[in-house]
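The chains referred to below are lettered A, B, ... by the order of the sequence lines, with proteins before strands, and numbering in each begins at 1.
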There are 2 protein chains.
Amino acid sequence: MNLDAHLPLPPPADGRTCPVRDVLDRLGDKWSTLLLVTLAQGAQRFNALARAVPDISRRMLTETLRHLERDGLIWREVTPSTPPAVAYGLTPLGFSLMPPLGALIEWAEHHQSKIAVARERFDKLPMRVREPEPASSVS
Amino acid sequence: MNLDAHLPLPPPADGRTCPVRDVLDRLGDKWSTLLLVTLAQGAQRFNALARAVPDISRRMLTETLRHLERDGLIWREVTPSTPPAVAYGLTPLGFSLMPPLGALIEWAEHHQSKIAVARERFDKLPMRVREPEPASSVS
DNA sequence: CAGAATCCCCCAAGATACTG
DNA sequence: CAGTATCTTGGGGGATTCTG
């Protein structure tokens with residue numbers, strides 16, 4: 001398998017100036033991915049999103065949506081009625097993220113059982129199997 | 001675009017029991033992705049990894065490697081010589097993650113400029129453009 | 001309805017020092 | 001060389017309360 005074809009990372013060593021880090025860090029926070037996936041099914045209003053992701057606090061919902069909007073991944077539309085209605089949806093840029101993101105999610109779904117097994121095996125290891133005692137033939 | 005084809009998420013709303021979260025959370029931490037990508041170029045020894053990723057502390061390097069090993073994404077091989085030599089490399093499971101992960105990285109590289117522009121635009125917004133004063137026609 | 005503001009806690013992660 | 005052990009801090013994120 002040619003990995004370079006998949007991993008054209010010019011500066012993989014430098015973490016500070018690497019712009020890829022910025023993007024990946026965002027996706028790595030607790031709610032961004034989940035919200036993007038939810039919005040991929042269609043534009044939603046604020047409370048609809050809150051219901052779709054029950055365990056998110058209002059604060060984090062607002063904050064995460066703000067970040068995603070800032071990055072241009074979602075749009076925000078205010079209908080100034082009373083009470084106001086605010087809708088969110090994916091931008092074209094946001095939609096363009098879906099295929100790779102979906103692929104990653106599919107990978108996770110497809111291999112979750114293997115990972116669970118690996119974790120179980122690792123955890124029941126006697127803790128010193130990985131560190132074989134240094135042959136005590138010293139005396 | 002058919003998003004369901006990319007996003008077969010049975011329980012997208014439940015965050016606690018969703019096993020996809022576990023996996024994605026790991027990839028979302030500060031060093032996992034970078035180490036996986038580095039190891040994709042070939043197995044490396046501990047200090048070689050430390051040199052390849054200069055700004056990681058030894059503690060985080062050890063800890064992140066341990067997590068990845070626990071998840072079955074990388075293997076760890078101890079050669080009990082003096083001084084000991086420990087090598088790390090991707091397992092088949094780890095390699096299987098590379099295509100989707102590489103795709104995500106490519107997406108990030110390809111769209112970083114758009115994101116940068118979006119952020120700039122957002123940040124120079126007068127802060128109240130997004131919140132038009134509610135038409136006070138309520139009487 | 002859609003947030004803003006505030007308080008608080010936990011832990012990821014850095015720095016430093018020691019070891020087989 | 002390849003790690004531990006300990007101390008410390010920033011900020012991510014929860015709970016709660018207030019408002020237009």
Side-chain angles (χ1 to χ4, degrees), chain A residues 15-16 21 25-35 43-69 74-89 127-128 130-139, chain B residues 15-16 21 24-35 43-69 74-89 127-139:
Chain A
R16 288 161 305 254
R21 292 291 285 282
D25 283 353
R26 279 262 144 275
L27 297 181
D29 70 19
K30 194 170 182 181
W31 302 109
S32 290
T33 299
L34 199 49
L35 284 179
Q44 311 247 352
R45 290 179 46 184
F46 187 86
N47 275 1
L49 282 171
R51 279 188 296 273
V53 186
D55 49 349
I56 192 175
S57 67
R58 290 176 123 71
R59 199 178 81 83
M60 289 317 297
L61 180 53
T62 302
E63 188 172 308
T64 306
L65 288 171
R66 195 84 76 200
H67 283 148
L68 294 174
E69 184 195 1
I74 68 175
W75 47 260
R76 184 182 117 112
E77 186 191 42
V78 181
T79 303
S81 55
T82 48
V86 181
Y88 296 87
M127 195 65 62
R128 279 300 145 189
R130 309 194 299 267
E131 298 281 354
E133 62 235 39
S136 56
S137 58
V138 189
S139 61
Chain B
R16 288 160 307 252
R21 292 292 285 282
L24 262 35
D25 283 353
R26 279 262 142 275
L27 297 181
D29 70 19
K30 195 170 183 180
W31 301 109
S32 291
T33 300
L34 198 50
L35 283 178
Q44 311 246 354
R45 289 178 49 184
F46 188 85
N47 275 0
L49 281 171
R51 279 188 297 274
V53 186
D55 49 348
I56 192 176
S57 68
R58 289 173 123 68
R59 201 179 81 82
M60 289 316 296
L61 180 54
T62 302
E63 189 172 308
T64 306
L65 288 170
R66 196 84 77 201
H67 283 149
L68 294 174
E69 184 195 2
I74 69 175
W75 47 259
R76 184 182 119 114
E77 185 190 43
V78 181
T79 303
S81 54
T82 47
V86 181
Y88 296 87
M127 196 65 63
R128 279 299 147 190
V129 174
R130 307 195 300 268
E131 298 283 354
E133 61 237 39
S136 54
S137 60
V138 192
S139 79

Starting at [atom1] of [X] and ending at [atom2] of [N], how long is that distance when rounded to a whole Å?
X     : N      : atom1 : atom2 : answer
B:R51 : D:dC1  : CZ    : C1'   : 10 Å
B:R58 : C:dA15 : CZ    : C1'   : 13 Å
B:D55 : C:dA15 : CG    : C1'   : 15 Å
A:W31 : D:dG12 : CH2   : C1'   : 12 Å
A:I56 : D:dG12 : CD1   : P     : 15 Å
A:E63 : D:dA15 : CD    : P     : 15 Å
B:L49 : D:dA2  : CG    : P     : 9 Å
B:K30 : C:dC11 : NZ    : P     : 19 Å

Can you tell me which nucleotide in [options] comes closest to the side chain of [X]?
X     : options               : value
A:D29 : D:dT4, C:dA4, D:dG13  : D:dG13
B:Y88 : D:dG3, C:dG3, D:dG13  : D:dG3
B:R45 : C:dA13, C:dG3, D:dC1  : D:dC1
A:R66 : C:dA4, D:dT6, C:dA2   : C:dA4
A:R59 : C:dG20, D:dA15, D:dT6 : D:dA15
B:S57 : C:dC1, C:dG14, D:dC1  : C:dG14
B:P84 : D:dG13, D:dC1, D:dG3  : D:dC1
A:F46 : D:dA2, C:dG3, D:dG14  : C:dG3

Rounded distance [0.5 Å steps], [atom1] in [X] versus [atom2] in [Y]:
X     : Y     : atom1 : atom2 : answer
B:R45 : B:Y88 : CZ    : OH    : 11.0 Å
A:M60 : A:H67 : CE    : NE2   : 8.0 Å
B:R66 : B:L68 : CZ    : CG    : 11.5 Å
A:L27 : B:T33 : CG    : OG1   : 10.0 Å

N/O (side chain, A:R26) to phosphate O (OP1/OP2, D:dG12) under 4.0 Å: no
Closer than 4.0 Å, any side-chain N/O of A:R76 to the OP1 or OP2 of C:dG3? yes
Contact nearer the 5' end of DNA chain C, comparing A:P83 with A:T62: A:P83
Need one value for A:A50: base, sugar-phosphate or nothing, where a base atom within 4.0 Å counts as base even if backbone is also close, heavy atoms only. nothing
Tightest non-hydrogen contact, residues A:S81 and A:A85, listed as OG-N, 3.9 Å
